[in-house]
There are 2 protein chains.
Amino acid sequence: MPEGTKDIRDQIIESAVKIFARYGLRKATMEDIAKANNRAKSSLYHYFSSKEDIFKAVIKREGNILKSEILNAIAREKLPTDKLRTYFKARMNALNRLANVYSAFQDEYLENYKFIQKFRSQFDSFEIETIKSILKQGIEKKIFEIDDLDLTAFTIVVGMKGLEYHWATEKDIKKLNRNIDTLFDLLFNGIKRR
Amino acid sequence: MPEGTKDIRDQIIESAVKIFARYGLRKATMEDIAKANNRAKSSLYHYFSSKEDIFKAVIKREGNILKSEILNAIAREKLPTDKLRTYFKARMNALNRLANVYSAFQDEYLENYKFIQKFRSQFDSFEIETIKSILKQGIEKKIFEIDDLDLTAFTIVVGMKGLEYHWATEKDIKKLNRNIDTLFDLLFNGIKRR
DNA sequence: AAATTTTCGACTAAATTAGTCAAATGTTTC
DNA sequence: GAAACATTTGACTAATTTAGTCGAAAATTT
């Protein structure tokens with residue numbers, strides 16, 4: 001695909017996000033996406049090879065937004081402690097903002113797709129690495145005391161996943177933020193240098 | 001359909017509400033509804049003759065809920081003035097609560113169905129009659145002064161529809177409630193006995 | 001105005017879906 | 001307990017929808 005084409009590809013992706021968010025991969029049709037973009041269905045195939053191809057692009061885009069939101073948020077903090085707490089909240093907020101796309105993303109039907117599994121595991125890696133780098137800084141600054149860095153980072157990510165599940169069904173944002181703080185404090189007091 | 005059958009019919013309608021709310025009439029499949037009800041698709045046809053038939057039942061049910069919520073709300077008020085204001089708010093709140101179903105209901109694709117048009121016009125009649133009865137009480141109690149009752153009731157309903165349209169795109173509930181009050185005051189000062 | 005990119009409508013093969021049906025299972029009634 | 005009835009189901013089909021193709025028309029660039 002040529003150069004200036006980027007804009008229209010992006011346009012299509014943007015429409016597709018909404019359609020996928022509303023209907024999920026299965027029920028969203030190329031016709032739906034095309035209409036939302038004021039184009040004929042066949043035009044889409046000039047930019048993407050298949051519906052799955054568009055979906056991949058959507059997932060990639062939303063994933064990148066999620067990652068950069070998290071990275072930006074923790075970049076604003078100086079202390080590893082604050083970075084960690086901010087990471088928690090930024091993750092929840094970003095996920096909250098993406099709630100629609102995300103709920104489509106949770107669709108069990110998607111689990112069968114290999115590229116979704118790949119994306120998930122890539123995102124897991126990103127999270128573990130990010131947490132690890134925060135923990136490392138904490139160790140260097142003598143704020144944290146951790147035996148097994150990998151295992152600790154992994155455990156933290158798993159813990160957040162648990163919270164995320166709870167979050168999916170929790171409407172009370174206030175209560176949720178308190179949960180985040182509680183989990184954080186519990187974790188923090190476990191790893192803080194005594 | 002036999003007698004004790006009612007329970008299961010209702011069960012099916014309840015599942016169907018959720019499915020229609022999520023996907024709309026077009027994209028909701030009998031299979032979806034059946035699954036949500038832990039039944040085989042063919043079982044549904046024992047209780048309903050078609051998908052459209054289920055949809056009609058859903059619309060009827062939600063319409064009745066809407067009506068009774070409104071009627072209950074205004075029954076709690078004594079003064080015609082308060083009844084009118086309460087009507088406004090109850091209508092908005094009920095519609096708000098039914099937001100999902102309602103958004104599916106707004107689908108342009110539905111406009112082609114005759115029974116939807118029929119339902120709409122029946123609901124319009126209900127609203128106009130309800131408003132008229134409130135206005136009548138107001139006139140009797142010398143609180144309102146109205147020339148053409150029918151035309152006034154009609155105008156009020158049309159006004160609320162306009163607000164409803166605005167509401168559909170307005171996320172700020174606070175602002176919306178202020179709008180309701182404003183519209184109400186404007187209207188009220190127009191019909192109040194001087 | 002030639003070359004290239006973009007759009008589109010018409011088309012097809014494959015998949016999905018509404019609705020049917022006959023048989024299986026479950027429940028009542030005598 | 002078996003006849004009568006109600007309910008559920010899986011297999012099936014006809015009709016519709018849908019992903020993806022293709023050749024040619026617009027639009028844009030060179």
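Order of the sequence lines fixes the chain letters, A, B, ..., with proteins taken first and strands second; residue numbering starts at 1 for each chain.
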Measure the distance from [atom1] on [X] to [atom2] on [N] and round it to the nearest whole Å.
X     : N      : atom1 : atom2 : result
A:I8  : D:dA27 : CD1   : C1'   : 11 Å
B:N38 : D:dT8  : CG    : P     : 12 Å
A:H46 : C:dT4  : NE2   : P     : 13 Å
B:R39 : C:dT25 : CZ    : C1'   : 14 Å
A:Y23 : D:dT17 : OH    : C1'   : 15 Å
B:F48 : D:dT7  : CZ    : C1'   : 15 Å
B:L44 : C:dC21 : CG    : P     : 17 Å

Q. Between the main-chain N or O of B:A28 and the side-chain N or O of B:K51, is there a donor-acceptor pair closer than 3.5 Å?
A.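 Pair found, side chain donor or acceptor close to backbone of B:A28.
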
**Q.** Flag, side chain of B:K41 to backbone of B:E31, donor-acceptor distance under 3.5 Å
**A.** no

Looking at [X], I want to see if its [atom1] is surrounded by more than 12 non-hydrogen atoms of other residues, nucleotides or ligands under 6.0 Å.
X      : atom1 : answer
B:F126 : CZ    : yes
B:K67  : NZ    : yes
B:N64  : CG    : yes

(Q) Which residues pass the salt bridge (charged side-chain N to carboxylate O under 4.0 Å, His left out) test with A:D124, not counting sequence neighbours? (A) A:K161

Q) Under the side chain to side chain donor-acceptor pair (under 3.5 Å) test, which residues partner A:E14, sequence neighbours left out? A)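 Result, side chain to side chain donor-acceptor pair (under 3.5 Å) vs A:E14: none returned.
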
Q. Taking only residues two or more places apart in sequence, or in another chain, which ones meet B:K27 in a side chain to side chain donor-acceptor pair (under 3.5 Å)?
A. A:D32

Expected rows: protein N/O vs nucleotides 19-24 of chain D N/O, under 3.5 Å:
| residue | atom | partner | partner atom | Å |
| --- | --- | --- | --- | --- |
| D:dA19 | OP1 | A:M30 | N | 3.4 |
| D:dA19 | OP1 | A:K51 | NZ | 3.2 |
| D:dA19 | OP2 | A:M30 | N | 3.0 |
| D:dA19 | N7 | A:K41 | NZ | 2.6 |
| D:dG20 | OP2 | A:K51 | N | 2.9 |
| D:dG20 | N7 | A:K41 | NZ | 3.3 |
| D:dG20 | O6 | A:K41 | NZ | 2.8 |

**Q.** Pairs satisfying side-chain hydrogen bond (donor to acceptor under 3.5 Å, both in side chains), at least one member in residues 128-139 of chain B, at least two apart
**A.**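 Sorted result for residues 128-139 of chain B: B:K132-B:D150.
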
Q: By nearest nucleotide on DNA chain C, pick out whichever of A:S43 and A:K27 is the more 5' one.
A: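 Its nearest nucleotide lies further toward 5', so the answer is A:S43.
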
Q. If an axis is fit to five pairs at each end of the helix from C:dA1-D:dT30 to C:dC30-D:dG1, what is the angle between the two, to the nearest 10°?
A.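 One end axis against the other gives 30°.
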
